[in-house]
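Take a look at the structure set out below.
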2 protein chains.
Amino acid sequence: MPGKTINPEEWLTALNESGIRVTAVQETLIDIFAHSGYPLSAEEAWEIARQSRPQTGRATVYRMVEKLENLGLIRRVHGYQGCSHFVPTLPELMMLFICLSCGRADYLDSQPLEDLIQHSEHTSGHHITDSRLQLFGDCRACQENA
Amino acid sequence: MPGKTINPEEWLTALNESGIRVTAVQETLIDIFAHSGYPLSAEEAWEIARQSRPQTGRATVYRMVEKLENLGLIRRVHGYQGCSHFVPTLPELMMLFICLSCGRADYLDSQPLEDLIQHSEHTSGHHITDSRLQLFGDCRACQENA
DNA sequence: TCCTTATTGATACATAGTATCAATAAGGAT
DNA sequence: ATCCTTATTGATACTATGTATCAATAAGGA
């Protein structure tokens, strides 16, 4: 499945500009989330982090995940496999597809979602300020392999 | 906020036809979920259930919630207020709006979502078999009250 | 009414996430 | 370069949420 890439440097910059100090754990976790092709839980990120930094604390990982989510750098994946997994946020590309065969995430152009939201606002009268959309199925690669 | 209604009888029928026995807990929980205007967690449903049936067991409620979800009678609400709340499923109406002010749920016509899915299938090449869409904001009633 | 078996309730356990606090380390002041 | 202040860390304990086990119960057909 083709994947767009993330620039870990930009994440560090975003964290620092929000007043958060630069630490080793930060860089470790940013690398882990930025380079994973599939949704990761805090617990999984903790396991991976301890491979290179065995003294990494569990709570620290949960705290950093919270910060990354608050800054919008990672997004929670809802649905299959629970609600505790995260993927990197790609700006302007917020329609997430998760393959039920290989588990990988793909980001789709979000223009159709923006259109849908605008249409729903007009027909319902509600003021829509946020949305969550997740699509599930078999990705193109898995279909070809089957 | 206008609400469509649920027929608890149909839920009982669906449960029974799936081979599940008719019990008092079933009817209690169906009533609780079918008549709630906002998302309920299993824990909250347990509290409510014990008001009329104090001996109701905690695990029993979780089991029934799982059955109702598996049968598609209730759906998990993802996002704000966590991922452990459920709303009744209205067939063919799967676009859920949650008001961040009053907490109530509204169901929107899902045709735009079906169109979006079909469009995304064609442009991405993925085979989409399931979706989760949640919209958040201020409902029309809350806007008028403000 | 009896009998079989799914369901229940109680309990213990497992998993996910949070609060606390002394120890550490970042980074500005000196 | 060293000190000082304070955010961050790691360890621990705790809470919340969900699951497994199992004897007791009750549904519903024989």
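All chains are named by letter (A, B, ...) in the order of the sequence lines, taking the proteins before the strands, and each is independently numbered beginning at 1.
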Between the base of C:dG9 and the side chain of B:Arg58, is there any donor-acceptor pair under 3.5 Å?
no

Would you say the side chain of A:Arg53 and the base of D:dG10 hold a donor-acceptor pair, judged only by whether the two atoms sit under 3.5 Å apart?
no

Using whole Å, report how far [atom1] of [X] lies from [atom2] of [N].
X       : N      : atom1 : atom2 : value
A:Lys67 : C:dG17 : NZ    : P     : 17 Å
A:Glu27 : C:dA26 : CD    : C1'   : 13 Å
B:Glu69 : D:dT17 : CD    : C1'   : 14 Å
B:Ile20 : C:dT5  : CD1   : C1'   : 15 Å
B:Arg63 : D:dT25 : CZ    : C1'   : 13 Å
B:Glu43 : D:dG18 : CD    : C1'   : 9 Å
B:Gln55 : C:dT7  : CD    : C1'   : 14 Å
A:Gln26 : D:dA7  : CD    : P     : 15 Å

Return the pairing partner of [N] with a 3.5 Å limit on both distances, Watson-Crick or G-U wobble; otherwise return none.
N      : result
D:dG29 : C:dC2
C:dA12 : D:dT19
D:dC14 : C:dG17
D:dA24 : C:dT7

Check every atom of [options] against the side chain of [X] and return the nucleotide holding the closest atom.
X       : options               : value
B:Met64 : C:dC21, C:dT8, C:dG9  : C:dT8
A:Ser84 : C:dG17, C:dG9, D:dA11 : C:dG17
B:Arg21 : C:dT5, D:dC22, D:dT8  : C:dT5
A:Val22 : C:dA16, C:dG27, D:dT8 : C:dG27

Starting from B:Val77, can I reach B:Tyr62 by hopping between I/L/V/M/F/W/Y residues whose side chains sit under 4.5 Å apart?
no

Nearest-nucleotide 5' precedence on DNA chain D, B:Ser41 against A:Val25:
A:Val25

By nearest nucleotide on DNA chain D, pick out whichever of B:Ala24 and B:Ala59 is the more 5' one.
B:Ala59

If I take atom CD from residue A:Glu27 and atom CZ from residue A:Arg53, how far apart are they, to the nearest 0.5 angstrom?
10.0 Å

Rounding to 0.5 Å, atoms OG1 (A:Thr56) and CE (A:Met64) come to a distance of 10.5 Å

Would you mind classifying the nucleic acid contact of B:Thr23 as base, sugar-phosphate or nothing, using non-hydrogen atoms under 4.0 angstrom?
sugar-phosphate

Does A:Arg132 offer a backbone N or O that forms a donor-acceptor pair with the side chain of B:Gln134 under 3.5 Å?
no

At less than 4.0 Å, is any side-chain N or O atom of B:Tyr62 found next to OP1 or OP2 of D:dT19? Yes or no.
no

On the 0 to 90° scale, with breaks at 30° and 60°, tag the B:His126-A:Phe97 ring pair as parallel, tilted or perpendicular.
parallel

Between A:Arg75 and A:Glu69, does any side-chain N to carboxylate O distance fall below 4.0 Å?
no

